[in-house]
Number of protein chains: 2
Amino acid sequence: MAVTMNDVARAAGVSLKTVSNVINNYEFIRPATKQRVLDAIDELGYETNLTARSLRSGKTSMLGLVLADLSIPYYAELASDIMKAAWARGYRVLVEQSGNEAEHEKAALQGQFRSLTDGLLFIPLALDAEQIIAAAGKKPLVLLGEFVQDPRLDMVLIQNQEAAAAVTTHLLAGGRRRIAVLGAHDGDEAGSNGLRLRGYRAALAAAGVEYDPTLVVPCDWRRDGGADATARLLDSGVEFDAVFGLNDALALGALHELLVRGRNVPEEIAVAGFDDIDESRFASPSLTTVAPGRAEIAERAVELLIQRIESKDAAPAVQQPKAAFELRVRQSAP
Amino acid sequence: MAVTMNDVARAAGVSLKTVSNVINNYEFIRPATKQRVLDAIDELGYETNLTARSLRSGKTSMLGLVLADLSIPYYAELASDIMKAAWARGYRVLVEQSGNEAEHEKAALQGQFRSLTDGLLFIPLALDAEQIIAAAGKKPLVLLGEFVQDPRLDMVLIQNQEAAAAVTTHLLAGGRRRIAVLGAHDGDEAGSNGLRLRGYRAALAAAGVEYDPTLVVPCDWRRDGGADATARLLDSGVEFDAVFGLNDALALGALHELLVRGRNVPEEIAVAGFDDIDESRFASPSLTTVAPGRAEIAERAVELLIQRIESKDAAPAVQQPKAAFELRVRQSAP
DNA sequence: GGCCCTATCTGCAACGATGGATTCGAACGT
DNA sequence: ACGTTCGAATCCATCGTTGCAGATAGGGCC
């Protein structure tokens, strides 16, 4: 049915191995022979069977990418960047959605599906460092951005704490003193929520503003989570003059709820987010946020993973410099 | 290095084939034997090598999905749905971004990468039916939603024309008479732009409103495309009392530009879109749009493709009923 | 001229699984 | 009692490539 190397070899009057050599750019082939093989390939419409190649060579040229859900804009945009970066280096990306559930994350780390990839990019949300190390197989693994550090794991970090502090400082500079935080729990330590909350507190402390736990509202990191949390906050009667969503979706949900309730943004209440997804630029009012260096993270993570795959030396996790972040001041918090 | 079936067989004291039989749930195996094999698998941490299985069985259990770019919310949400539908049926999805370029689409249809998948889901944007038929290989192929019909191809359609007509009719019912259209070219016929434009014209005609080509503004189907087009429209001095973005991104870009320019939405100018992406619900004002039945499309397309893969009969493209659409009336065009 | 080297091409054996035929008893029917 | 059937496990070939080791033939060197 399918055309194989054997068919090409027969058509070109050479051995199967020579066809293989041509395809793999083996150095010592007479130009005439090479041309004959290429012609035969063309004529028969031969295509390499990547499955067979993988089995024999032990490489799949695919990277796994585990994230919560593609319908979340930040992950979708990050996935897009990662796919482009991988593609440019001759790798494809197999995406797996964990739905933010520990079971799925664990399954993705161990699962059969790993035998289809040469390495894994992982955005952990439910698992902590210990669990990841326990569950991880022996193939290269690079963690992305959203996590606490651990010297035993390779990871590409964003400046969660510093960037969150920058946002908070910006809000403080605008005269805000009662800044609500959406998406964290008072006491969170690990994970991006913990780190961003820490940044918030550090900025408050630096400005001599007292930290008030009643301003910290836990919720899902999604638009409706942000809207609900804001509604609860308004209903509870807690006073606040700014909202910091720990990601843009939260901030946009909050923004929506505030406007629905007739609050003026930013005059009465300022709103800021974290991520700088494309949508934020076009919100009304446009959303002040911080860009964590998404493109850079994607590039670095892919680069690091491929390096681990291709060089056999299992070097211990090198401390990567963190990606540069950039505050984007827009209308919602000028 | 990796544990193979052979190792398991040795450990369990059975033949390699018996291990294979256990894994594939072969009916006639003594419970005791089965248990011994399972124990051995567990103990050795054996994992099936999917590459080898694919080579031998000729099936990869992967579906290809070609779309323009995951950073576009509609595609990201669709991809998410598709992956879930495929997953539920035991298939994985390998996403490929075409960037909306004919070359890339063609490459995706023919490329080596197809040897990694059992079939392809394809959202064509740059290629027309002829080109697709010419480029397509012999593996199953199902086209998604955004395209004109062709009896030679399998496809799952959305009601482009009807849904666009419904949006237009809604705007007309609100008293709007000068409805600008973003994202089409006067004269477009094929593709979703053509079909949606046709729906718009049909609705105008039904209401006895004259069609004015100066209200039709071509642009990229992205937020900034919509914003730019709106800016041009405003600058040109053409009068209009509503904007219909042929997708939500366009409408959201338009909404943003209108608000920046101080126009009242919806009092002065109503805005409506097409797709009902999650973001639209949370825009301010929230966006009136039409949901084309995304979940249904995803489900149907996956189902159809898998059916084609698993039943060898190459039945000619059955005319699928189109997915049901639903108008979502919100603040931007009440 | 004999020897080694280099360029060019070939053959064999894997990679790790599955399909199909086959073997070997034990149970069954008459 | 003996052929038949059926459950349970085994054996062999095979999927389409690539790695590694040959094989062959000119050419240059001494």
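Convention: sequence-line order gives letters A, B, ...; per-chain numbering from 1. Computed from a predicted structure; not experimentally measured.
Of the candidate nucleotides C:dT10, D:dC15, D:dT18, D:dC15 has the atom nearest to the side chain of B:Leu55. Taking the side chain of B:Arg53 as heavy atoms from C-beta on, and the options D:dT18, C:dT8, C:dT18, the nearest nucleotide is C:dT18. Taking every side-chain heavy atom of A:Ala52 into account, D:dG16 is the closest of C:dT10, D:dG16, D:dT10. Comparing C:dC9, C:dA7, C:dA17 by their closest approach to the side chain of B:Tyr46 singles out C:dA17.
Within the 4.0 angstrom heavy-atom criterion, no nucleotide atom of any strand lies near B:Ile23.
One finds no side-chain N or O of A:Thr18 lying less than 4.0 angstrom from the OP1 or OP2 phosphate oxygen of C:dC9. One finds no side-chain N or O of B:Arg30 lying less than 4.0 angstrom from the OP1 or OP2 phosphate oxygen of D:dG7. Within the 4.0 Å cut-off from OP1 or OP2 of C:dC9, at least one side-chain nitrogen or oxygen of A:Thr33 is found. Put simply, B:Ser20 has no side-chain N or O that comes within less than 4.0 Å of OP1 or OP2 on C:dA17. Neither OP1 nor OP2 of C:dG16 sits under 4.0 Å from any side-chain N or O of B:Thr4.
Protein atom CG of A:Asn24 is 9 Å distant from nucleotide atom C1' of D:dT17, rounded to whole Å. Nucleotide C:dT8 holds its P atom 15 Å from the CG atom of A:Asn25, rounded to whole Å. Remark: C1' of C:dA17 and CG of A:Leu116 are 14 Å apart, rounded to the nearest angstrom. The separation between B:Leu44 atom CG and C:dG16 atom C1' is 15 Å, rounded to whole Å. Separating the CZ atom of B:Phe28 from the P atom of D:dT10 is a distance of 16 Å, rounded to the nearest angstrom. Rounded to a whole Å, the CG atom of A:Leu50 is 18 Å from the P atom of D:dC15. Following rounding to the nearest Å, B:Lys34 (NZ) and D:dG7 (C1') show an atom-to-atom distance of 15 Å. Regarding A:Asn6, its CG atom lies at a distance of 13 Å from the P atom of D:dT18, rounded to whole Å.
Below the 3.5 angstrom threshold, one finds a donor paired with an acceptor across the side chain of A:Arg56 and the base of D:dT18.
A salt bridge links B:Arg92 and A:Glu96; the closest N-O separation between the charged side-chain nitrogens and carboxylate oxygens is under 4.0 Å. Salt-bridge formation is not detected for the pair A:Lys139/A:Asp118: no Lys NZ or Arg NE/NH1/NH2 atom is positioned less than 4.0 Å from an Asp or Glu carboxylate oxygen. Using a cutoff of 4.0 Å between basic side-chain nitrogens and carboxylate oxygens, A:Arg152 and A:Glu130 are scored as salt-bridged. Remark: B:Asp39 does not engage B:Arg36 in a salt bridge, criterion side-chain N to carboxylate O under 4.0 Å. Remark: B:Arg89 does not engage B:Glu310 in a salt bridge, criterion side-chain N to carboxylate O under 4.0 Å.
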Name the pairs: protein N/O against N/O of nucleotides 20-22 of chain D, kept only if under 3.5 Å.
unit_1	atom_1	unit_2	atom_2	d
D:dC20	N4	A:Lys17	NZ	3.2

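Between A:Thr4 and A:Asn6, the side chains place no donor N or O within less than 3.5 Å of an acceptor N or O (distance only, hydrogens not considered).
Heavy atoms from other residues, nucleotides or ligands lying under 6.0 Å from CZ of A:Arg222 number 12 at most.
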Residues A:Ser115, B:Glu47; criterion side chain to side chain donor-acceptor pair (under 3.5 Å); working and verdict: CA-CA 8 Å; A:Ser115 74; B:Glu47 274 172 21; over 6 Å; no
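Residue whose closest nucleotide on DNA chain D sits further toward the 5' end, between A:Met5 and B:Pro31: B:Pro31.
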